[in-house]
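Some notes on the structure that comes next.
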Protein chains: 2
Amino acid sequence: MAATIKLFIVDDHHMVIEGIYSLLQQETQLEWMGHATNADSCLAFLRVRQPDILFMDISLGETSGIDLCKTVKELYPAVFIIGLSTFNQQSFIKKMMEHGASGYVLKNATRQELLQAIETVRLGQTYLSLEAAQSISNQQSEGVPLLTRREKEVLEQIAEGLTNQEIAEKLFISSTTVDTHRKNLLAKFKARNVAALIMIATRMQVI
Amino acid sequence: MAATIKLFIVDDHHMVIEGIYSLLQQETQLEWMGHATNADSCLAFLRVRQPDILFMDISLGETSGIDLCKTVKELYPAVFIIGLSTFNQQSFIKKMMEHGASGYVLKNATRQELLQAIETVRLGQTYLSLEAAQSISNQQSEGVPLLTRREKEVLEQIAEGLTNQEIAEKLFISSTTVDTHRKNLLAKFKARNVAALIMIATRMQVI
DNA sequence: TCCGGTATCCTGTAAAAACAGGATTTTTGA
DNA sequence: TCAAAAATCCTGTTTTTACAGGATACCGGA
């Protein structure tokens, strides 16, 4: 690598901060600018200086990493963000990427993986750790049925626990119409009943 | 402290291992015996040598830290175990304690907290990190309801889309019993119906 | 030993969902 | 503009769930 790459990390777990420091401390081409343990102090730091790459935990106590990711990208588009998480939750990964993250590594990543992620992201490319990549490519889009606007609305209301009658009143349609949509939803998701429907839909991140 | 305290850590996240090493490396009265990234190699190590204190992650990939905790305590009652987790999940903490853990710290613990935990546990007392203690006392309010073994089984089957009758046959019980469990599940999760139940339960990562 | 929690089972009713098999109107994109 | 897709609405029947209000048996911990 040519120039020094400036890094910053925001994570509410000291062990993780120390761990990532420790794993990368020998790399002379990397410069640690510091760390923050919450969204506010991270933003406060960024107002003064910006790193090239920002490691960001997905769950920052109260504030979600997703939100912070969005904010940072709006204010400082040049900062590349790499998500950090112990969860291999594809929904989180997806949302972070949608909000401008450039990459994603799990906290059980090795030194090699971290370096690879930094390299890749710095070039403006996307890095997904192996497990994360698997997780994304596996389920998603494969087998996710295409829902109409109305079907999605009805599905959300069902998930809220409303009955057909209640949904009908809420959406100003007949309960038999709701029933039809329900029927179509079950067919599209190949679900036997509403329990399986909600289960499958949440797994597919439709709701 | 008088004698050297021997430590070992089992955690499947490199960052956490590096982090805890890093946080405690300056303490001369502490001796790191090493680390393991899974239950098997941890047990393999223990067959040869035993630490005074064993830091143990609650989620070790496939194997649960809960199980490992139990096994270790059966084989080596003299080893004090301190649970480690990013989750502030009261049920996990409780289970670990029930299975012989002497303490519990969250992964966002500071150096001081870790030292305090080690000190306390070494004396045979119980150490719960502040947040963990709060979490235990709070419990019900906004937390995940405590499910029994059977309720969890039934919940899983409901999520699969099985009817009461089918679940009954599968678990070799009466369908009215399944109905009772279902009733209790709805009450515990404060759900109006099965749709809301599955929604809430998945959100809480119970299923 | 006794108590509380768990698990089991029951009867009965009302409500809701699931299933079958339609039809009509509205929207929309090639 | 015209067909396809979407959204709307029926009438039924059957199955399942939700809810009410019980009872009994077992087991592990105080």
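By the side chain to side chain donor-acceptor pair (under 3.5 Å) test, A:Asn193 is found to be paired with no residue, residues two or more places apart in sequence or in another chain being considered. Partners of B:Gln165 according to the side-chain contact (heavy atoms from CB on, under 4.5 Å) rule, which considers only residues two or more places apart in sequence or in another chain, are B:Thr163, B:Glu169, B:Ser175. Every side chain to side chain donor-acceptor pair (under 3.5 Å) that B:His35 has, sequence neighbours left out, goes to B:Tyr21. In this structure, the side-chain contact (heavy atoms from CB on, under 4.5 Å) partners of A:Leu186, at least two apart in sequence or on a different chain, are A:Ala191, A:Leu197.
Contacts between residues 149-158 of chain A and DNA chain D, defined by a heavy-atom separation under 4.0 Å, are made by A:Arg149, A:Arg150. DNA chain C lies under 4.0 Å from at least one heavy atom of each of the following residues of residues 166-177 of chain B: B:Ile173, B:Ser174, B:Thr176, B:Thr177.
Side-chain nitrogen and oxygen atoms of B:His181 include none within less than 4.0 Å of the OP1 or OP2 phosphate oxygen of C:dT6.
As a whole-Å value, the separation of B:Asn164 CG from C:dT8 P is 14 Å. Between B:Asn184 atom CG and C:dC9 atom C1' there is a gap of 13 Å when expressed in whole angstrom units. The NZ-C1' distance, from A:Lys183 to C:dA18, rounds to 9 Å in whole Å. Rounded to whole angstrom, the span from the CG atom of A:Leu162 across to the P atom of C:dA15 amounts to 18 Å. Protein atom NZ of A:Lys188 is 17 Å distant from nucleotide atom P of C:dA18, rounded to whole Å. The distance between atom CG of A:Leu186 and atom C1' of C:dA18, rounded to the nearest whole Å, is 8 Å.
Residue pairs satisfying the side-chain hydrogen bond (donor to acceptor under 3.5 Å, both in side chains) criterion with at least one member in residues 152-162 of chain A, sequence neighbours excluded, are listed as follows: A:Arg150-A:Glu153, A:Gln157-A:Lys170. Judged as a salt bridge (Lys or Arg N to Asp or Glu O under 4.0 Å), not a single pair has a partner in residues 15-24 of chain B (not counting sequence neighbours). For residues 175-187 of chain B, no pair satisfies salt bridge (Lys or Arg N to Asp or Glu O under 4.0 Å), with sequence neighbours left out.
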* Asked: Does the side chain to side chain contact (heavy atoms under 4.5 Å, CB included) test come out yes or no for B:Leu68 and B:Val10, once each step is laid out?
  -> CA-CA 10 Å; B:Leu68 179 60; B:Val10 50; 4.2 Å; yes
Problem set entry | From CA spacing to verdict: ring-ring contact (aromatic ring centres under 6.0 Å, His included), A:Phe8, A:Phe45 | CA-CA 10 Å; A:Phe8 190 85; A:Phe45 179 89; 4.2 Å; yes
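A donor-acceptor distance shorter than 3.5 angstrom exists from the side chain of B:Asp52 to the backbone of B:Lys6, with no hydrogens or angles considered.
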Its contact letters, B for base, S for sugar-phosphate only and - for none at protein heavy atoms under 4.0 Å, make nucleotides 25-30 of chain C read ------
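From the 5' end on, the contacts that DNA chain D makes with chain A at under 4.0 Å to a non-hydrogen atom open and close at D:dA6 to D:dT11.
Each end of the helix from C:dT1-D:dA30 to C:dA30-D:dT1 gets its own axis, taken as the rotation carrying the C1' atoms of four end pairs onto the next four within a five-pair window, and the two axes meet at 60° to the nearest 10 degrees.
Map B:Thr148 and B:Asp179 each onto its nearest nucleotide of DNA chain C; the residue landing nearer the 5' end is B:Thr148. Taking for each of B:Asn193 and B:Leu147 the nucleotide of DNA chain C with the nearest heavy atom, the 5'-most of the two is the partner of B:Leu147.
Atom NZ of A:Lys73 sits in a crowded spot, with more than 12 heavy atoms from other residues, nucleotides or ligands closer than 6.0 Å.
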